Amino acid sequence: MINIIKYDDSEGKKLVEALLSRSQLEHGNVQEIVNGIIADIKANGDKALFEYTKKFDKFDVNAENILVTQEEIDEAYKSVDEDLIRVIKRSARRIGDFHEKQKINSWLEPSKNGEMLGQMIRPLEKVGVYVPGGKAAYPSSVLMNIIPAKVAGVEEIVMTTPPSADGKISPTTIVAAHIAGVHKIYKAGGAQAVAALAFGTESVPKVDKIVGPGNIFVALAKRSVYGYVNIDSVAGPSEILILADDSADPEYVAADLLSQAEHDELASAVLITDSRELAEKVQIEAEKQTNALERKEIIKKSQDNYGAIIVVENFDEACDLCNKIAPEHLEISTREPFSLLPKIQNAGAIFLGHYTPEPLGDYMAGPNHVLPTGGTARFFSPLSIDDYIKKSSIISFSKEAMEELGEDVIKFAEAEGLTAHANSIKVRMKK
């Protein structure tokens, strides 16, 4: 059962500390194992990749069968329900439309004195998308990671995902990747796949950036190869925070809390309200709904570990606590949700109103569902096309424009003791 807490400074501080101290990256000697796998892949390429795939996924992979073929793509379409394909395509269109609006253009601004400054926008050349395997398939995450790269104009988008023992990939994963615009799909998973993307092997190309969720081995591998390549983030457990007043429906609020609690025993689901009556009704409703859900054991552990209903005096207190927690998902379920928006500083995605539940954002709304977790919404943003582009500054000066700033540059450089810097201006000023 979710506990009801009366908010005060000590209780709020205790909750925030508990939420921000959650970690999926503290697991004994896993980092040591990951480091060994990365070093092996870096040194031995395909040979090591194939050995680890045989060891962990039981599939005897080689250079001929590591790549998903067009025949396998065609077969996947035949085995996925036609109505699900329709839904995936509709979701893909909405995600694409939203991310199209994020595009920014290169610009160049001349001035009268011969000075020209600007910024050049270019997409990354190659991106690797990691997709978890196992029993669960998450085509929505496939769309969310690939489509922004496609919209940004990335030249080559490759995907890696662990195969089953018979070398199969989930059909829905293949279909979603194909609809999203992936170029190649490789049958490889775990830290070995991350290392292959980071350093390249004879079969798998080296990429510029690796995105996508994964287990502890994948997360630590991504963190370890950062610097050789870029990464999106190291994702933490899922979380939702709901701000609700007495206009909220307890059944809706409880359902939305449980929608995140079912992800993981470390997931966090928190309600903040100024209504004690709502708090008690949501507590009862959440217990009732939990008992009817398939993943109730995970939900109960999540509630025990990181679930709470916090009763506050007013929504100034509520927004203050929300900004400290900086939730991945924030629902504002009040009479006038837009009135609270100016008070929110830190949140990954904000869902406004009684009919905007978080799962809309997971699947169909359009904004990206890859969001900052663990309080990192204080300084990180949702995945976007900005993650798949790079910017170059453009600088051009005429002789006259250079001379106008020349003495100041010399003064600055000499103050820093960089006389060669100063000299590169001086030799031009002399002429």
Side-chain angles (χ1 to χ4, degrees), residues 67-104 123-134 136-161 168-187 207 209-214 232-233 235 238 259 263 328-329 348-351 356-371 381-389:
L67 194 62
V68 171
T69 64
Q70 184 60 50
E71 184 182 353
E72 288 174 296
I73 294 171
D74 295 340
E75 188 60 37
Y77 271 94
K78 291 175 184 175
S79 63
V80 175
D81 179 73
E82 286 186 9
D83 203 40
L84 178 55
I85 293 174
R86 176 192 61 79
V87 169
I88 292 172
K89 287 181 176 179
R90 187 182 187 192
S91 176
R93 284 194 299 272
R94 293 182 62 90
I95 295 166
D97 290 346
F98 178 85
H99 288 83
E100 283 282 351
K101 295 179 175 67
Q102 296 178 335
K103 280 184 173 179
I104 55 176
L124 301 182
E125 187 179 337
K126 292 182 181 179
V127 166
V129 177
Y130 185 91
V131 175
Y138 298 104
S140 60
S141 288
V142 175
L143 300 180
M144 293 290 181
N145 281 280
I146 294 175
I147 289 174
K150 188 74 174 176
V151 172
V154 174
E155 205 172 292
E156 186 175 2
I157 306 167
V158 302
M159 188 177 98
T160 65
T161 188
K168 301 292 185 183
I169 303 296
S170 163
T172 53
T173 297
I174 293 176
V175 168
H178 186 261
I179 289 170
V182 77
H183 295 108
K184 293 178 181 177
I185 304 172
Y186 292 92
K187 300 174 183 178
V207 300
K209 185 164 188 172
I210 302 171
V211 302
D232 51 351
S233 64
S238 187
S259 74
H263 271 296
E328 177 188 17
H329 306 101
I350 303 170
F351 301 79
T356 318
E358 185 278 335
L360 271 177
D362 272 350
Y363 299 112
M364 296 300 295
N368 210 289
H369 78 199
V370 180
L371 302 168
S381 304
L383 192 73
S384 72
I385 71 166
D386 289 348
D387 288 283
Y388 299 100
I389 63 171

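The shown structure was predicted, so the numbers you read here are calculated from the model rather than taken from an experiment.
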*Asks:* CD of Q70: more than 12 outside heavy atoms within 6.0 angstrom?
*Replies:*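 For Q70, atom CD is crowded (more than 12 foreign heavy atoms under 6.0 Å).
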
*Asks:* Which heavy atom in A180 sits nearest to a heavy atom in I146, and how many Å separate them?
*Replies:*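 Heavy-atom minimum between the residues: CB-CG2, 3.5 Å.
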
*Asks:* Please report the shortest heavy-atom distance between S259 and E358, naming the atom on each side.
*Replies:*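 Taking every non-hydrogen atom into account, OG-OE1, 4.0 Å.
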
*Asks:* Taking all non-hydrogen atoms of both residues into account, name the closest pair between A92 and I179 and its distance.
*Replies:*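 Heavy atoms of A92 and I179 come nearest at CB-CG2, 3.8 Å.
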
*Asks:* Looking at every heavy atom in both P139 and I88, which two are closest together, and how far apart are they?
*Replies:*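 Scanning both residues completely, I find the closest heavy atoms to be CB-CD1, 4.3 Å.
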
*Asks:* With rounding to the nearest 0.5 angstrom, report the CE to OG1 distance, M159 to T173.
*Replies:*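 Reported value, rounded in 0.5 Å steps: 6.0 Å.
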
*Asks:* Could you check whether any side-chain N or O of T161 sits under 3.5 Å from a backbone N or O of V131, counting only pairs where one atom can act as donor and the other as acceptor?
*Replies:*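 Yes.
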
*Asks:* How long is the span from the CD atom in E75 to the NZ atom in K168, to the nearest 0.5 Å?
*Replies:*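 Going from CD on E75 over to NZ on K168, the span is 7.0 Å.
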
*Asks:* Check whether D232 reaches the backbone of G212 with its side chain - one donor and one acceptor, N or O, closer than 3.5 Å.
*Replies:*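 At least one qualifying donor-acceptor pair exists.
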
*Asks:* Among V182, I169, V175, I174, which residue meets the side-chain contact (heavy atoms from CB on, under 4.5 Å) test with I73?
*Replies:*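 Between I73 and the candidates, side-chain contact (heavy atoms from CB on, under 4.5 Å) is satisfied uniquely by I174.
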
*Asks:* What's the shortest heavy-atom distance between S140 and H369, and which atoms?
*Replies:*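 Reported closest heavy-atom pair: OG-CE1, 3.4 Å.
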
*Asks:* Keeping H329 on the side-chain end and A349 on the backbone end, is there a donor-acceptor pair under 3.5 Å?
*Replies:*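 Not confirmed, H329 side chain does not pair with A349 backbone.
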
*Asks:* Compare all side-chain heavy atoms of V207 with those of V127 and state whether any distance is below 4.5 angstrom.
*Replies:*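 Counting from C-beta outward, V207 and V127 never come under 4.5 Å.
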
*Asks:* Do side-chain atoms of S91 reach the backbone of Y363 as a donor and acceptor pair under 3.5 angstrom?
*Replies:*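 Judged by distance alone, yes, a pair lies under 3.5 Å.
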
*Asks:* What pairs of residues pass the salt bridge (Lys or Arg N to Asp or Glu O under 4.0 Å) test when at least one of them lies in residues 85-96, not counting sequence neighbours?
*Replies:*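 Found D83-R86.
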
*Asks:* For residues V80 and P171, determine if any side-chain heavy atom of one lies less than 4.5 Å from a side-chain heavy atom of the other.
*Replies:*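 Heavy-atom side-chain distance check passes, below 4.5 Å.
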
*Asks:* CD of Q102 to CD of E100: how many Å apart, nearest 0.5 Å?
*Replies:*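 The distance works out to 10.0 Å.
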
*Asks:* Is there a side-chain contact between Y186 and L67 in this structure, where contact means two heavy atoms from C-beta onward sitting under 4.5 Å apart?
*Replies:*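 Yes, their side chains come closer than 4.5 Å.
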
*Asks:* Do the side chains of E156 and K184 get nearer than 4.5 Å, heavy atoms only?
*Replies:*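 The answer is yes, as the side chains (C-beta and beyond) meet within the 4.5 Å cut-off.
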
*Asks:* Checking H178 now: which residues fulfil ring-ring contact (aromatic ring centres under 6.0 Å, His included) with it, not counting sequence neighbours?
*Replies:*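 Per chain and number, H178 pairs via ring-ring contact (aromatic ring centres under 6.0 Å, His included) with Y77.
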
*Asks:* To the nearest 0.5 Å, tell me how far D386 CG sits from S381 OG.
*Replies:*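 Reported value, rounded in 0.5 Å steps: 8.0 Å.
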
*Asks:* Look up atom CE in M364 and atom CG in D362, then write down how far apart they are to the nearest 0.5 Å.
*Replies:*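 The CE atom of M364 sits 12.0 Å away from the CG atom of D362.
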
*Asks:* Taking the side chain as C-beta and beyond, is there a heavy-atom pair between P123 and Y388 under 4.5 Å?
*Replies:*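 Answer no - side chains too far apart.
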
*Asks:* Does I389 reach the side chain of I104, with side-chain heavy atoms less than 4.5 Å apart?
*Replies:*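 I389 vs I104: side chains touch.
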
*Asks:* Name all residues meeting the side chain to side chain contact (heavy atoms under 4.5 Å, CB included) criterion together with D387; count only those two or more places apart in sequence or in a different chain, and write none if there are none.
*Replies:*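 Per chain and number, D387 pairs via side chain to side chain contact (heavy atoms under 4.5 Å, CB included) with K209, L383, S384.
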
*Asks:* About how many Å separate OH of Y138 and CG of L143, when rounded to the nearest 0.5 Å?
*Replies:*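 Reported value, rounded in 0.5 Å steps: 15.0 Å.
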
*Asks:* Can you name the nearest heavy-atom pair linking L371 to N368, along with the distance?
*Replies:*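 So the two residues come closest at CD2-O, 3.5 Å.
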
